[in-house]
Structure formats: structure tokens, C-alpha cells
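Remarks on the structure that follows.
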Amino acid sequence: MKNKLYIYNTLSRKKEEFSSLIKDYVGMYVCGPTVYGDPHLGHARPAITFDIVFRYLQNNNYKVRYVRNITDAGHLENDSDEGEDKISKKARLEQLEPMEIVQHYTISYHKAMEHLNCLPPSIEPRATGHIIEQIEMIKKIIKNGYAYEVNGSVYLDVRKYNEDYNYGVLSGRNLDDTLEGTRKLDGQNEKRSHVDFAIWKNAPKEHIMKWPSPWGVGFPGWHMECSAMSEKYLGKTFDIHGGGNDLTFPHHEAEITQSNAAHNCVPVKYWMHNNMITIDGKKMGKSLGNFITLADFFSGSHPKLKQEYSPMTIRFFILQAHYRGTLDFSNKALQASSKGLNKLMGACETILNISSSEKNDFNIQELSDKCYNSMNDDFNTPILISHLFEGVKIINSVNDGTAQIDKESLMLLKQLFQFFVFDILGLKSNKETGDKNTTNEIMELILKLRKKAKDSKDFATADLIRNDLNEVGIEIKDGREGSSWQAKSK
RNA sequence: GGUAUCGUGGCCGAGCGGUUAGGCAGUGGUCUGCAACACCAUCUACAGCGGUUCGAAUCCGCUCGAUACCUCCA
């Protein structure tokens with residue numbers, strides 16, 4: 001880490017110096033997907049954002065337990081009595097068991113994450129596997145006097161809570177304003193106040209996913225799972241909680257409320273929120289129907305997409321913006337990322353072949369410091385990448401013979417690229433996929449044949465080889481010292 | 001109505017009071033059998049109006065505009 005790490009904490013709306021609660025250990029909880037639909041570009045953002053946090057902390061000698069939940073119990077569609085579990089609704093539409101849906105979309109989520117080279121979390125708990133823990137926590141909240149039961153449902157009493165705690169610390173809302181909000185109330189509401197929220201919900205007969213509880217057959221409220229599961233695996237107070245900024249309110253606010261109400265204990269030290277990916281300036285989201293699935297990106301099969309984009313291009317595209325800013329999707333931007341990534345990966349291969357000399361024109365240590373500093377400044381990956389492109393320039397200049405680097409600096413530069421490009425940013429070369437050795441040998445042969453054609457001035461054959469390889473995504477690079485090849489990413 | 005964020009050159013995106021961000025695209029060169037790659041050089045900025053300051057894209061105020069949350073959403 002070399003220096004202090006600063007993290008922007010939503011609680012204080014400031015960057016704060018990071019120090020873990022227990023020396024050398026970090027507990028991190030991130031809100032995962034509700035598995036009722038195909039993973040889309042929006043899901044990639046928090047996954048990649050917190051993958052970077054996970055990797056950076058791990059590579060700086062922290063032992064990190066990274067917990068990311070799978071929400072498979074669904075959430076209420078709305079808070080009226082007609083509320084219906086999202087997953088059971090989908091199940092009825094498709095005539096499937098709820099867990100069948102959950103299984104299907106969980107697998108497609110995992111596949112997409114693997115393509116994006118996101119490391120799997122340490123623990124990936126499911127809401128349905130932690131009903132008992134949620135019930136236990138609800139019991140505590142009732143016992144502490146912050147919740148009440150009505151007709152088999154349990155609601156958190158926000159007004160009561162606000163007498164002892166500060167409701168709205170995370171989202172910057174104060175209760176009085178919220179109470180005066182212009183939202184209309186449905187007449188048949190059981191809640192004492194419209195700001196109260198359900199922590200256990202009585203299940204109507206037709207509801208498919210339900211469990212027995214002290215209050216009758218029902219299902220847990222929208223926010224309970226994260227509170228219960230984070231406590232189970234990370235303790236009552238842990239270091240980092242992440243998620244999309246659309247979850248700040250009410251979801252994360254409710255988590256804080258529940259933890260205080262149950263344990264008289266603040267659950268999280270650092271709250272981190274990634275911003276949204278937008279399309280035509282609007283949030284890309286399921287409810288707006290303007291989302292593009294990750295599978296669509298990888299295959300290029302969506303009317304908005306002019307071509308296919310590789311998972312690494314998507315990853316690089318996301319990393320080229322800071323996680324707290326919105327990121328606007330467009331073909332132009334993605335194409336730019338694709339080309340930029342190619343350039344970077346090309347340099348990663350070139351660096352393996354360049355040789356050092358006595359003279360040295362570069363200060364690699366300074367470059368290294370700049371890379372660390374950018375990461376230490378709230379994981380500023382776009383700045384890191386801009387510094388890495390400085391490194392690209394160095395590598396290519398040395399390769400071109402227009403500049404020189406000494407042995408020590410070259411070694412440092414190699415380490416720097418390995419660390420930041422592969423270990424931290426989690427990028428990977430398309431060359432690595434498949435049987436690397438065989439491919440290399442075949443390509444050597446092809447390059448040899450092409451050289452033969454060139455030597456005998458058979459340019460038609462040379463061009464045929466080059467053009468056809470280009471079509472399958474392999475680029476031939478002719479240089480002074482002969483030809484080389486690179487797998488292009490789209 | 002409340003809460004928060006933001007408005008940077010052709011596009012995407014950094015910038016946290018003083019020094020070239022970076023990528024892509026464009027232009028002119030070098031290299032090449034031609035090209036691509038690479039290298040060198042180069043062109044477009046900080047929504048508007050005030051204020052603070054020796055100095056502001058960066059701080060403050062106002063105006064205009066955009067977005068998110070206040071129902072599930074990454």
C-alpha cells in the first residue's frame with residue numbers, strides 16, 4: 001500500500017483514512033443481485049468496483065473476508081397488502097418452482113462474473129438459507145421495543161427508533177421532512193406511520209415462498225437479510241459495506257436502523273457506494289426497461305450495440321471511470337475502451353521482449369509511486385490507468401529503440417505492470433484463453449510461412465494471411481525485427 | 001416538495017487554488033512491399049453571471065440545465 005489508503009465514506013460524505021477494526025483483517029459486505037433476471041451492465045459495476053477493493057486490500061497484505069449475498073427470497077413489489085414477492089411472481093408466470101428460477105439466474109450471474117474476471121467472494125450467502133437468523137434478529141428488535149406486530153406482520157417503528165437514534169444518518173434525510181413527504185398513503189395500511197417498514201410480512205395464501213415464524217407464516221422484510229447475514233459472517237460491526245448508490249435509501253438506511261434496534265450497535269465503519277451506468281443520460285435499469293444484458297454485450301446481439309464487446313473491454317470501460325461518478329454507455333466510448341485496452345495489453349507482451357541497457361531515461365520508481373497514490377486516493381482507477389499508459393509509452397519507446405532503460409528499472413517496470421494490470425485491475429490478455437502453447441506454436445508456423453511469402457514477393461499470400469487472421473481477431477504486427485502477433489479484444 | 005450528485009475540448013472521462021491528465025477520434029511526419037502496430041509533433045475545454053484571491057475548472061453566491069433517491073432496482 002506504501003501509503004495511507006483513503007476511502008470516501010457515504011456516512012461522512014468525505015474521504016477518510018482507512019484503518020481496519022482488527023489489525024490486518026478486513027470484513028467487507030456487498031449487496032449482490034436479486035436473481036430474478038439476467039445480469040446486465042449495471043450489475044457489472046458494483047461487482048467490478050468491489051472486486052478492485054477486494055484485490056487491492058488482499059494484495060496489500062490484508063486478510064479479507066468478502067461477503068456478497070444472493071437475494072433469492074425476492075423483495076416486495078410494493079408495501080401495500082397486495083405486495084407480491086418478485087421471485088414468486090416470475091415463477092407463476094413461467095410455471096416454475098421459485099428455486100428453479102433462482103438457480104437459473106444465479107448460474108448466469110456467476111458465469112457473467114467469471115467472464116468479467118471478478119474473483120468469487122469468500123462467502124456468498126443466500127437469503128433463503130438464513131431465515132432463522134432473520135427471525136432471531138426480528139425477535140431482538142421487538143424485545144428492544146422498536147418493532148410491533150400487526151396481523152402476522154412486524155414493522156419497525158421508525159418514530160420510536162428516532163427518539164433514541166438518528167434515523168437518516170446515511171442518506172441525509174431527517175425524519176420530519178420524510179414524514180411530511182408528499183407521498184400518498186393507501187387507506188388500508190397497517191403501519192402506525194408510513195415511514196415504518198416491514199421486517200416480517202404475513203404471507204397471503206397464494207404466496208409461494210413462505211416460512212413459519214412466531215408471527216405466523218410469512219417471509220422476511222426487504223432489508224433483513226443483509227443485516228442478519230452480515231452479522232453472522234462479519235460480526236455486529238464490520239469494516240466496509242458496499243453497494244449501488246440506489247440502495248443508500250431505503251435499503252442501507254434500514255440496515256443501520258435494524259442493527260441499532262437489535263444490537264444497539266452501528267453495523268458499518270465505511271459505507272461505499274458505486275454510481276450508476278447510464279444510457280442516453282438515464283439510469284440503466286430493469287424497471288426502466290433500458291438495460292442491456294452482459295450476454296448481449298459479449299455477443300453483440302442488441303439493437304443498441306454496433307458490435308460485440310469482450311468481457312475485458314467491459315471491465316476496462318468501467319475501470320476508466322471513477323466508481324462514484326455516473327458512466328454513460330455508448331458504442332463510441334466502448335470502442336475507445338476496446339482500442340485502449342488493446343494498446344495496454346500489447347505493451348504487456350512487448351515488455352517481455354525488450355532488453356535493458358546501461359543507460360536509463362526513466363524514473364520508474366516515481367511512476368510506481370504515482371500508481372500507488374492513485375489507488376490510495378479512493379481507488380482512483382482512471383488515474384491509475386493514465387499512469388499505466390505512461391508506462392506503455394516507455395515500453396514502446398524502448399522497443400522502438402528511441403529510448404533506453406537499465407536492468408533495474410526494467411525489472412521494476414515489469415513488476416509494476418504485473419501488479420497493477422493483472423493483480424489489481426484484474427485485466428487479462430485474450431491470448432491467455434485457450435491452449436496457449438499450441439496457439440503459440442501454430443502462430444509461429446504461420447508467421448514463418450508468411451515471411452517466406454514476403455521474401456519471395458508473394459504479397460497476395462502475405463496479405464491473405466494477414467487479413468484472414470485479422471478477421472478471427474489476431475493482429476499481425478510487422479516490425480524491423482520480424483513479425484509478431486496479438487490477440488485483439490473487441 | 002425533501003435529500004444528494006453533477007454540468008470539462010469531436011466522444012468517453014481525470015482534476016480537491018498555481019505545473020501536459022489519460023484513452024479514442026482528427027491532422028502532419030517517421031517506419032512499412034502496402035497497411036496495421038508503434039514512435040514524434042499537433043488542434044479543438046472547463047454551462048452562464050457575479051464574488052473571494054497575487055492567481056479559480058478547482059472556494060462562495062446566484063441563474064440555467066441534467067441526473068439519482070424518497071416504491072423493487074447495481
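Numbered from 1 within each chain, the chains take letters A, B, ... in sequence-line order.
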Nearest to side-chain heavy atoms of [X], which nucleotide of [options]:
X	options	result
A:Asp328	B:C12, B:A25, B:C39	B:C12
A:Ile277	B:A36, B:A74, B:C11	B:A74
A:Glu475	B:C69, B:G13, B:C37	B:C37
A:Ala321	B:A25, B:G33, B:A14	B:A14
A:Gln320	B:C24, B:C37, B:G22	B:G22
A:Arg173	B:A36, B:C69, B:G22	B:C69
A:Ser397	B:C39, B:G22, B:C69	B:C39
A:Trp222	B:C16, B:C72, B:G13	B:C72

Taking only the [atom1] atom of each, what is the distance from [N] to [M] in whole angstrom?
N	M	atom1	result
B:A68	B:G28	C1'	45 Å
B:C64	B:A74	P	35 Å
B:G9	B:A57	P	15 Å
B:G13	B:C24	P	16 Å
B:G10	B:C6	P	23 Å
B:A47	B:C43	C1'	23 Å
B:A21	B:C54	P	26 Å
B:U19	B:U58	P	13 Å

Counter-base of [N], judged by Watson-Crick or G-U geometry with both distances under 3.5 Å:
N	value
B:U32	none
B:A66	B:U5
B:A41	B:U27
B:A56	none
B:G61	B:C49

Cut-off 3.5 Å, side chains only: do [X] and [Y] have a donor facing an acceptor?
X	Y	result
A:His110	A:Glu114	no
A:Asp369	A:Gln365	yes
A:Asn376	A:Tyr56	yes
A:Ser12	A:Asn9	no
A:Asn202	A:Ser153	no

Counting distance alone, no hydrogens or angles: does the base of [N] have a donor or acceptor under 3.5 Å from a partner atom on the side chain of [X]?
X	N	value
A:Lys15	B:C16	yes
A:Asn275	B:A68	no
A:Asn342	B:G23	no

Atom-pair distance ([atom1] on [X]; [atom2] on [N]), nearest Å:
X	N	atom1	atom2	value
A:Arg13	B:C6	CZ	P	11 Å
A:His387	B:G13	NE2	P	19 Å
A:Met276	B:C6	CE	P	15 Å
A:Lys370	B:G22	NZ	C1'	12 Å
A:Ile279	B:A74	CD1	P	16 Å
A:Asp280	B:C12	CG	P	11 Å
A:Trp485	B:C37	CH2	P	18 Å
A:Lys283	B:C6	NZ	C1'	16 Å

| said: Assess the residue pair A:Phe419 and A:Cys371 against the criterion (side chain to side chain contact (heavy atoms under 4.5 Å, CB included)); give the C-alpha distance rounded to whole Å, side-chain angles, the decisive distance to 0.1 Å, and a yes or no. | reply: CA-CA 10 Å; A:Phe419 184 74; A:Cys371 288; over 6 Å; no
Mind checking [X] for me? I need base, sugar-phosphate or nothing, with any heavy atom below 4.0 Å counting as a touch.
X	result
A:Ile476	base
A:Gly42	base
A:Pro39	nothing
A:Ser171	sugar-phosphate
A:Leu247	sugar-phosphate

Does [N] have OP1 or OP2 under 4.0 Å away from a side-chain N or O of [X]?
X	N	answer
A:Thr34	B:A74	yes
A:Lys343	B:G22	no
A:Lys282	B:A66	no
A:Asn380	B:G15	yes
A:Asn396	B:C39	yes

| Aromatic stack A:Phe389/B:G23: centroid gap under 5.5 Å, interplanar angle under 30° |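 Given the distance and angle limits, no, they do not stack.
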| request: Would you please classify the geometry between the A:His252 ring and the A:Trp271 ring as parallel, tilted or perpendicular, with 30° and 60° separating the classes? | output: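 Geometry flag for A:His252 against A:Trp271: tilted rings.
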| said: Ring-plane angle category for A:His43 and A:His40, please: parallel below 30°, perpendicular beyond 60°, tilted otherwise. | reply: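 Aromatic pair A:His43/A:His40 classed tilted.
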| side-chain hydrogen bond (donor to acceptor under 3.5 Å, both in side chains) between A:Asn360 and A:Ser409, worked out | CA-CA 8 Å; A:Asn360 185 43; A:Ser409 296; 3.2 Å; yes
| field | Closest-nucleotide ordering on RNA chain B, the 5'-leading residue of A:Arg466 and A:Asn274 | value | A:Arg466
| field | Residue closer to the 5' end of RNA chain B, A:Gly243 versus A:Lys332 (nearest nucleotide) | value |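 On the 5' side of the pair lies A:Lys332.
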